[in-house]
Every structure is written in C-alpha cells, then in structure tokens.
2 protein chains.
Amino acid sequence: MAGAAPSKSRLRADARRNSEQIRAAAIGAFQGQGLTVPLEEVAKAAGVSKATIFNRFGGRIGLIEAVIEEVVASELFAVIDHTRTIDDVGERIAYYLTAIRDLQYRQPAFNDVLLQTYPHSQQLMEICRVGSEANEELIAAARASGALRPEFTAADLHALVVDNALALKHGKRPPRDDYDRRTIYLLDGIRGRSSPSGER
Amino acid sequence: MAGAAPSKSRLRADARRNSEQIRAAAIGAFQGQGLTVPLEEVAKAAGVSKATIFNRFGGRIGLIEAVIEEVVASELFAVIDHTRTIDDVGERIAYYLTAIRDLQYRQPAFNDVLLQTYPHSQQLMEICRVGSEANEELIAAARASGALRPEFTAADLHALVVDNALALKHGKRPPRDDYDRRTIYLLDGIRGRSSPSGER
DNA sequence: TCGTAACTTGACTCATCGGGTCAGCTTACC
DNA sequence: GGTAAGCTGACCCGATGAGTCAAGTTACGA
C-alpha cells in the first residue's frame, strides 16, 4: 500500500474528499448515462464545480480511467472468465452472448467502451482488445466443435455486438423481456445445425 | 396535367430552372447521404445559394416532400406490393426482410424516414404508417401459417428493422456480402421450426 | 429599352452544446 | 496568521447548421 498512492498524501484534506465525491458521482453517472454524460452533471452530483474535475482528474479521460474498473472492466472480465469455465461449447456461446447483451443493456458505459468513443484512452482500448480476443477465442472453439454455423466469423460476432450497442445508444431501450427474447432469436440464427443442444 | 401545377407558370424562368436543379441535387444528395445532409451541400450541388432553397421550398421539410417519392417512397411501395404477390408465406417473409434490408443498405434516406427523423412531415409519417401496416399484415399471415416462431411479434420485426437502421446510420457500413450473410442469420433466427422450406 | 417586381445571394444572426481555462477568492495546514 | 493549495463562477472556444435579410441582379411585359 505504501508507495501505491504517494500523491494522495500530498493532497489537502478537502481535495481528497472532493476527489472521492467526484469518483462516486462519476461511477453513478457513467453507469446511468454512459461515459458521454456531461461533466457538468457529474460535478453537480458531486457537489463541486466542473473546474474541480479538471483540477483533480485532468478532464474526462482521466476521470474515466479512474473509475472504469468499477464501472465496466470488472464485470466484463468476470463474464470472460466465467465463459472459459464452461465445457460445452454451445452452452459457452449462449452464456457469453447473453451475458454480453445483458451488460450492454444494463451498462450504457459498456457500449461506449465497445464503440471506442474515446480512442485516446489507452486503458479503454485495452479493454476492447481483451474483449476482441475473447471473441476470437470463442469463435475458434465454436468452429472446431461445429456449435456455430461454419460461415459465422469473429467479425460477425463483433458486428452483432456493435450493432446492438448502436441501437441501445441511439434508439430507445426495449422492455427487458422483449430484449431477452430477441437475444434468443439471435442465438438460434447463428447456431450450427449439428449440435442443437449438445450432449447431456 | 392541367391544373396540377398552376403555381409553376407564375414562376419566372430562372426560378423554375433553379427549382429543377435543386430537386435534382436533392435527390442525389438524399440518396447518397440521407435526409440529414446539410442544405448548404445540396445548394452547392445545385449551383445556387442556400437561401434559394428556402425561397423555393421553404426549408428542409418542403424540399424533402418535393422529392421523397422518387427517393424512397416508390421503391418501398414496390417492395410492399411485390411482397403481397408471393403465395408461400415463408418465401414472402424472406423476400420482404431481404428487400427491406437491401433498401436500408442502399438508401440512407430510407432509414431517416424509418427513424422518424422529421416527425413534422406528415408525408414522411404517412410512409412510416404504411410500412408498419405492411409489417403487421405480414406477421398476421406468418402467425396463421406457422412460418415464423409463434412468439415473434410485429414489434420484434419493427425492432429488427429499426435497430438495423440505427446501426447503418451511426456505425460503418459492412461490406455487402457480410451484410447479406447476416440477413440470413436473422431469417434463420426468426423462422418457425415447422415449415423449414414449406411446400412448393 | 426601360421600369419594376421577382429573384438571388453573401453575410449575417441565432441557437445549441459541452470542453476547457483562469483570475481571484477561500481554506487547510504548519 | 502566513501562505500555498485548492475551489469556482464566469468566461472563451469551436463546431455545427438552420434560418434571415438588405442589397444587388435579372427576367419580362409594355
């Protein structure tokens, strides 16, 4: 712990308190409205002025990077990790796509990461990269097992998710049960004919 | 023909010529870039100033209404009409969805109509209404014949098309063959199990 | 070949939006 | 209580594109 945040101890007490309030407000705002929420709104929720966000975090990207772990990265990585533990490839795909779409529905910020709204943030780009790798890994496994139709590519999967991100970002969110039903249509459309439900 | 455009004869020759040039430029611009193309650009393509568009058409909506028939309505109605001539319901659905998606891909303006970008235009709203009715008619037929999965609703079809409009409008267009492949995934995802190919 | 009304247009205003900055005041801390 | 750290309101900025208008130009009838 020592040395991890030496700069913090150099902060005055009020500054440290404000930083914490801003972080908390940012987490709430990003989760509710995505990463593009006006900084003014975050500031208001934190009870400080917009300029203080610039003082403490240097701007939107600094603020995002200070909280992105809690807002989306941890959840995304949990999904990816859990996906890897599923043996049956058909199930693995169903779980992955469902979980990603769930994340997209619940966390507008996730879509902003996915759509690379802030390409200047290394950290955000890194999250994207990890996601893409998970995609490709999954498609490779699917191809080997025939769980997906053979012509289905990683680019197809990517497009599926990105298009959904755009629809959620720019359109109006459907009721949850409609959304979930449509997830099933998607899964059925990309599944291979061979293993309709696999073993077990 | 007489009496159809009495106001036209009251226009001075240069005004009539400009109107025609603006119409032509608008058709090109709307087809290429959608209904949201800056009027300045239309004016430039027509070789007139932006103010002339306001003089002749009153603004964007007037201009849109003066050319929407040629830009999207005729094609859309042709698709709807042709859809009605197809006997086999499975085929009818496949044709309709494929044709609509083709229209969406080729004509950005079609997506603008669909997304109701200009709700103040009666004419545009009317086109939407006709489209919605075609959707519902199709879903009713599908439900009766079992060509679609029974839980698939008209709202699902609508969402499918609208989401695609948003993806095309805000994302980058995929290569045509990828797009068409994904159309097939969609169709396979919503088809009923009973009639995989129907009679013949 | 005028007179004039119709027409066109460059240059303008307006409005929206949110990022980013800074002088000057306030406050924590030694 | 001195002082540097910190905060903030008020500002500027840049981008965008719709819509307007005074002043100049042109078609056209007489």
Side-chain angles (χ1 to χ4, degrees), chain A residues 5-26 29-30 32-66 108-109 112 117-121 124 169-170, chain B residues 5-26 29-30 32-66 108-109 112 117-121 124 169-170:
Chain A
S7 54
K8 263 204 174 174
S9 37
R10 295 184 180 285
L11 281 180
R12 237 167 62 176
D14 52 350
R16 209 173 320 151
R17 182 170 9 97
N18 282 338
S19 281
E20 234 1 271
Q21 280 169 350
I22 291 169
R23 268 179 49 90
F30 288 160
Q33 307 180 241
L35 301 182
T36 59
V37 62
L39 291 184
E40 189 96 45
E41 230 168 284
V42 177
K44 199 174 156 192
V48 301
S49 103
K50 180 173 52 147
T52 301
I53 295 183
F54 285 85
N55 288 341
R56 297 286 122 248
F57 296 92
R60 181 185 298 278
I61 291 192
L63 181 56
I64 290 175
E65 301 203 325
D112 290 322
T117 310
Y118 300 102
H120 294 306
S121 164
L124 258 40
K169 187 175 182 66
H170 299 283
Chain B
S7 54
K8 262 205 176 174
S9 40
R10 296 184 179 283
L11 282 180
R12 238 168 61 175
D14 51 350
R16 209 173 319 148
R17 184 168 9 97
N18 282 338
S19 282
E20 233 2 270
Q21 282 169 348
I22 291 169
R23 268 179 50 88
F30 288 159
Q33 307 179 243
L35 301 182
T36 58
V37 63
L39 291 184
E40 188 96 46
E41 231 168 282
V42 177
K44 199 174 157 191
V48 302
S49 102
K50 181 176 48 149
T52 301
I53 295 184
F54 284 85
N55 288 341
R56 297 286 123 248
F57 296 92
R60 181 186 298 278
I61 291 190
L63 181 57
I64 289 175
E65 301 203 327
D112 290 322
T117 309
Y118 301 103
H120 295 305
S121 165
L124 257 39
K169 186 173 182 68
H170 299 282

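Quick note on labels: first sequence line is chain A, next is B, and so on, each numbered from 1.
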request  = Select base, sugar-phosphate, or nothing to describe what A/Asn55 touches, counting heavy atoms under 4.0 Å on all strands.
outcome  = base
ask   = Separation of B/Arg10 atom CZ from C/dC7 atom P, in whole Å?
value = 11 Å
query = Given atom CG of A/Asn18 and atom P of D/dG6, what is their separation to the nearest angstrom?
reply = 10 Å
task = Check whether any side-chain N or O of B/Arg56 sits under 3.5 Å from a backbone N or O of B/Ser19 as a donor-acceptor pair, and report yes or no.
result = no
task = Could you check which of C/dC7, D/dC7, D/dA27 has an atom nearest any side-chain atom of B/Ala15?
result = C/dC7
ask   = Between the side chain of A/Ser121 and the main-chain N/O of A/Ile61, is any donor-acceptor distance below 3.5 Å?
value = no
task = Please state how far atom NZ in B/Lys50 lies from atom C1' in D/dG17, giving the value in whole angstrom units.
result = 7 Å
message = Between B/Phe57 and B/Arg23, is there a side-chain heavy-atom distance shorter than 4.5 Å?
response = yes
task = Using whole Å, report how far CZ of A/Arg56 lies from P of D/dC7.
result = 5 Å
query = Atom CG in A/Leu124, atom CG in A/Leu35: separation rounded to 0.5 Å?
reply = 6.0 Å
remark   = Judged by nearest nucleotide, the residue sitting upstream toward the 5' end of DNA chain D, B/Asp14 or B/Gly59, is B/Gly59
request  = Drop me the distance from A/Leu63's CG to A/Phe30's CZ, to the nearest 0.5 angstrom.
outcome  = 4.0 Å
query = What nucleotide among D/dG6, C/dG20, C/dG18 has an atom nearest to a side-chain atom of A/Pro38?
reply = C/dG18
Nucleotide nearest B/Leu11 (side chain, heavy atoms from C-beta), chosen from D/dT20, D/dA5, C/dC7 = C/dC7
message = Please classify the nucleic acid contact of B/Ala13 as base, sugar-phosphate, or nothing, using heavy-atom distances under 4.0 Å.
response = sugar-phosphate
message = What's the closest nucleotide to the side chain of B/Val48 if the choices are C/dC29, D/dT26, C/dT9?
response = C/dT9
inquiry  = Distance check needed: C/dC7 P versus B/Ile22 CD1, whole Å only.
reply    = 12 Å
key: Between P of C/dT27 and CZ of A/Arg17, the distance in whole Å   = 11 Å
task = Calculate the interatomic distance between A/Arg16 atom CZ and D/dC7 atom C1'; express it in whole Å.
result = 16 Å
request  = Give the nucleotide from the list D/dT8, C/dG10, D/dA5 with an atom nearest to the side chain of A/Thr52.
outcome  = D/dT8
Gap between atoms CD1 and P, on A/Ile61 and C/dG18 respectively (whole Å) = 17 Å
